[in-house]
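Since the structure comes first, as structure tokens, the remarks are kept for the end.
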There are 2 protein chains.
Amino acid sequence: MLETVTSPTLLVSERRVRANLERMAARANRHGLALCPHFKTHQSLEVGAWCREYGIEEITVTSLRMARFFAAGGWQKIAIAMPFNPREIGELQVLSQRVELSLFLVDSKGAAKLAAELSAPLGYFIEVDAGYGRSGVSWRDHASVRSIIRAAGHHRFRGFYVHSGHTYDAKTIPEIAAVHQELLDRLGELQSAFSDLHPIMAIGDTPACSTQEEFRGIDRIGPGNFIYYDLTQVQLGSCGLGDIAACAAVPVVQHKGEEIIVHGGWVQLGKDSLHLPSGPTIYGRMVLLNQDGQWDTSRPMGTVTKLSQEHGTIHLPESLRAEVRVGDLVGVLPVHSCATVHGLRATGDTRFLA
Amino acid sequence: MLETVTSPTLLVSERRVRANLERMAARANRHGLALCPHFKTHQSLEVGAWCREYGIEEITVTSLRMARFFAAGGWQKIAIAMPFNPREIGELQVLSQRVELSLFLVDSKGAAKLAAELSAPLGYFIEVDAGYGRSGVSWRDHASVRSIIRAAGHHRFRGFYVHSGHTYDAKTIPEIAAVHQELLDRLGELQSAFSDLHPIMAIGDTPACSTQEEFRGIDRIGPGNFIYYDLTQVQLGSCGLGDIAACAAVPVVQHKGEEIIVHGGWVQLGKDSLHLPSGPTIYGRMVLLNQDGQWDTSRPMGTVTKLSQEHGTIHLPESLRAEVRVGDLVGVLPVHSCATVHGLRATGDTRFLA
């Protein structure tokens with residue numbers, strides 16, 4: 001298969017994706033949670049089709065653009081996990097005629113605008129900031145919640161949605177657990193205060209959803225990264241190295257002894273880096289690929305040490321220096337799969353492996 | 001014009017681009033240099049058309065993919081500034097039938113392969129590493145240069161090409177000058193050693209090409225970033241804030257008092273950051289946009305302090321807190337215009353301003 005690959009290309013391991021889906025779906029079942037994964041990581045109709053086989057019916061996306069893409073691919077229930085942008089109201093109206101859209105509301109002025117200008121009722125979540133410090137209404141701010149619900153008028157309040165991205169700052173599973181427990185406490189208070197409205201309580205981060213076994217009060221989870229995982233999740237303890245399901249195949253264009261130069265820079269791989277406990281900052285791990293495009297993480301790996309726009313520099317361990325040649329393809333396991341996948345969607349192809 | 005913009009969009013100021021082109025073309029003329037700009041920054045046929053008006057005939061790109069794009073847009077002379085990738089030989093052959101391609105060679109095995117498998121002669125540069133430490137043959141390694149030329153057989157040696165990306169590590173114009181002078185010395189030696197072949201001596205970094213007035217021995221320059229510039233170049237001293245010609249227009253989706261949340265994350269803006277001497281790390285500077293999409297850098301600016309996939313967090317100075325509202329578009333001047341432009345090409349539109 002690889003002999004037909006000439007330029008940077010995303011490899012997706014169906015076997016690994018299915019194992020990751022299987023595990024997350026089992027966890028959701030175990031805890032009575034609806035699994036509505038975020039599709040921003042894979043952005044793929046093929047991978048989406050696999051998701052359906054694990055009982056997934058509603059999906060999460062990060063933009064109207066992405067909602068349109070998945071609506072065209074046949075998805076009927078889509079939540080846009082970005083605070084409502086009043087400039088898009090006309091386009092939302094068009095799309096909502098074809099699919100069941102849910103929006104995120106975060107303030108009463110936006111909610112009032114939605115009520116005034118869009119007559120067909122949409123569902124909405126109130127996005128809650130429970131400590132991450134990005135978008136959303138503070139979990140303490142019940143007054144704002146009430147005024148949003150009031151202002152949104154005929155639109156349908158579905159519940160509360162939190163992305164607790166600060167689990168990414170955790171260094172260990174107990175630290176993830178601590179963030180997660182605090183989140184459950186805060187959401188519990190919110191749920192009690194609005195219990196008469198029977199809100200859906202939804203959370204969405206991969207580290208907690210991959211490692212925790214307590215979900216008291218939660219109804220729905222929307223992780224996205226878990227479908228492919230990456231080196232960041234390995235470092236957090238969310239998965240093992242063998243669970244990473246997406247890999248960039250990049251051509252070797254120069255061999256410098258200890259280092260190789262590949263066609264694959266931040267355009268393809270994304271610019272995320274990882275500070276290894278042992279010292280160096282890396283932009284990915286290089287794996288050898290066999291003829292089917294499969295990689296084996298038990299073999300020695302190289303380290304991506306530098307990226308420019310389309311050039312990557314990889315440091316080779318001594319045992320691989322003779323094995324890699326100019327004209328070969330090597331694999332790069334991503335630091336952040338969302339970024340690598342996004343990059344290769346814009347500049348390369350995707351090949352699905354068994 | 002802005003009223004029709006609903007989602008993240010690239011704004012390009014034609015007036016500023018032309019001023020940047022005018023200045024670089026004048027510098028090239030002053031020093032008898034061919035200006036063959038790198039088109040990886042703008043990746044735009046429209047901006048390319050403006051370039052032609054400044055006497056530009058040959059362009060530099062970073063991949064075969066980009067060469068194909070500009071060939072389809074009518075460019076006839078294209079240099080691919082990435083070491084030759086033997087896997088692409090078939091596609092290079094196809095493209096070379098339509099346009100005059102030049103490649104970068106860095107080793108004799110690749111050169112031999114090119115000679116054996118591609119009968120129509122192509123031009124090539126030998127890429128030289130004169131201190132940056134990325135791709136290319138060491139400037140000291142005359143033996144490798146000779147063996148590449150020998151192995152390349154009927155293909156046409158055009159000269160030596162250096163990207164001295166380490167000027168980006170310079171902090172001041174005198175530091176850029178020091179890197180540049182050392183480069184000129186090293187290239188001078190190389191030129192003497194191969195003077196019988198009359199090599200074209202080419203360099204390509206924006207910091208040196210924007211600030212230096214000595215180009216002894218150099219025949220050709222290929223900077224790319226100067227067409228748009230960015231905050232990194234401002235900090236280096238390559239340009240002023242008012243020279244930045246590209247700006248991301250992003251919708252405000254939440255107002256949190258001191259901060260706003262915009263639809264515009266690393267997907268749109270790129271992940272490059274800048275450590276300001278005063279302390280904070282920023283991902284861009286926010287400017288107000290008028291109805292024509294124009295921005296004025298003499299007004300107070302906000303600071304992009306955090307990015308996730310499609311969310312951006314911007315800190316507002318006190319004077320702007322009342323002026324910005326949910327539903328507005330604000331501008332973000334890029335830390336690295338190559339990354340912002342690339343990001344918005346994949347997820348948004350481009351609007352050209354007067």
Side-chain angles (χ1 to χ4, degrees), chain A residues 3 5-8 40-41 62-66 81-91 104 106-107 109-110 113 127 133-137 163 165 251-256 261 263 265-267 270-272 306 308-311 313 325-329 338-339 342-343 345-348, chain B residues 3 5-8 40-41 62-66 81-91 104 106-107 109-110 113 127 133-137 163 165 251-256 261 263 265-267 270-272 306 308-311 313 325-329 338-339 342-343 345-348:
Chain A
E3 66 277 9
V5 173
T6 60
S7 60
K40 72 175 182 179
T41 306
T62 203
S63 64
L64 175 59
R65 178 188 87 250
M66 219 181 281
M82 167 69 71
F84 166 60
N85 165 7
R87 304 180 82 89
E88 291 182 332
I89 211 159
E91 296 157 88
F104 273 26
V106 297
D107 75 64
K109 279 185 203 151
K113 209 167 168 89
E127 189 190 3
R134 194 182 63 185
S135 50
V137 178
H163 177 64
V252 179
V253 297
Q254 185 173 5
H255 197 303
K256 301 168 73 181
I261 306 298
H263 181 189
W266 52 255
V267 154
K271 208 172 178 159
D272 290 80
K306 199 161 120 181
S308 43
Q309 188 153 350
E310 302 215 23
H311 291 74
T313 300
R325 280 165 308 186
V326 170
D328 286 354
L329 286 173
C338 304
H342 183 79
R345 276 174 51 83
T347 64
Chain B
E3 66 276 12
V5 173
T6 60
S7 60
K40 72 175 180 179
T41 306
T62 204
S63 64
L64 174 60
R65 178 189 88 249
M66 218 182 280
M82 168 69 70
F84 165 60
N85 166 6
R87 304 180 83 88
E88 291 182 333
I89 210 158
E91 296 157 88
F104 273 26
V106 296
D107 74 63
K109 279 185 203 150
K113 210 168 167 89
E127 189 190 2
R134 193 181 64 184
S135 50
V137 178
H163 176 63
V252 179
V253 297
Q254 185 173 6
H255 197 304
K256 300 168 71 179
I261 307 297
H263 181 189
W266 53 255
V267 155
K271 208 171 179 161
D272 291 81
K306 199 161 119 180
S308 43
Q309 187 153 351
E310 301 216 21
H311 292 74
T313 301
R325 281 166 307 186
V326 170
D328 286 354
L329 285 175
C338 304
H342 183 80
R345 276 175 50 85
T347 63

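A, B, ... follow the sequence lines: proteins, then strands. Residue 1 opens every chain.
- Proximity to chain B is limited to the side chain of T313(A), based on heavy atoms less than 4.5 angstrom apart.
- With a threshold of 4.5 angstrom between heavy atoms, A81(A) approaches chain B through N, CA, C or O but not through any side-chain atom.
- Heavy atoms of D107(A) lying under 4.5 Å from chain B belong exclusively to its side chain.
- Neither the backbone nor the side chain of I89(B) comes within contact range of chain A, judged by heavy atoms closer than 4.5 Å.
- Ranked by heavy-atom pairs under 4.5 Å with chain B, the list D328(A), V267(A), V252(A) is led by V267(A).
- For K113(A), no part sits under 4.5 Å from any heavy atom of chain B, backbone or side chain.
- K40(A) meets the salt bridge (charged side-chain N to carboxylate O under 4.0 Å, His left out) test with no other residue; sequence neighbours excluded.
- In terms of heavy-atom proximity, V253(B) sits nearest to N85(A) at CG1-CB, 3.9 Å.
- Of the listed residues (H311(B), M82(B), E88(B)), the one with the most heavy-atom contacts under 4.5 Å to chain A is H311(B).
- Ranked by heavy-atom pairs under 4.5 Å with chain A, the first of R87(B), E127(B), R325(B) is R87(B).
- For chain B, the option among K271(A), R65(A), H342(A) with the highest count of heavy-atom pairs below 4.5 Å is R65(A).
- When heavy atoms are compared at a cutoff of 4.5 Å, E3(B) approaches chain A solely by way of its backbone atoms N, CA, C and O.
- Put simply, of G343(B), P8(B), S308(B), the one with the most heavy-atom pairs under 4.5 Å next to chain A is S308(B).
- Here K306(A) is the residue among R345(A), M66(A), K306(A) with the most heavy-atom pairs under 4.5 Å with chain B.
- For the set G90(A), A346(A), G327(A), G110(A), the entry with the most heavy-atom pairs within less than 4.5 Å of chain B is G327(A).
- In terms of non-hydrogen atom pairs under 4.5 Å with chain B, the most contact-rich of G270(A), G265(A), G165(A), A339(A) is A339(A).
- For Q309(B), the part lying near chain A is the side chain, with the backbone staying farther off; criterion is any non-hydrogen pair under 4.5 Å.
- To the nearest 0.5 Å, the span separating OG on S135(A) from CD on Q254(B) amounts to 6.0 Å.
- Counting heavy-atom pairs closer than 4.5 Å to chain B, the top-ranked of the candidates G348(A), G133(A), S7(A), P83(A) is P83(A).
- Looking at H263(A), the atoms closer than 4.5 Å to chain B (heavy atoms on both sides) sit in the backbone and in the side chain alike.
- Counting heavy-atom neighbours within 6.0 Å of K109(B) NZ, excluding the residue itself, gives a total of 12 or less.
- Contact of R134(A) with chain B is made through backbone and side chain together, with heavy-atom distances under 4.5 Å.
- Neither the backbone nor the side chain of L64(A) has a heavy atom closer than 4.5 Å to any heavy atom of chain B.
- When all heavy atoms of P251(A) and L329(A) are compared, the pair lying nearest together is N-CD2, 3.6 Å.
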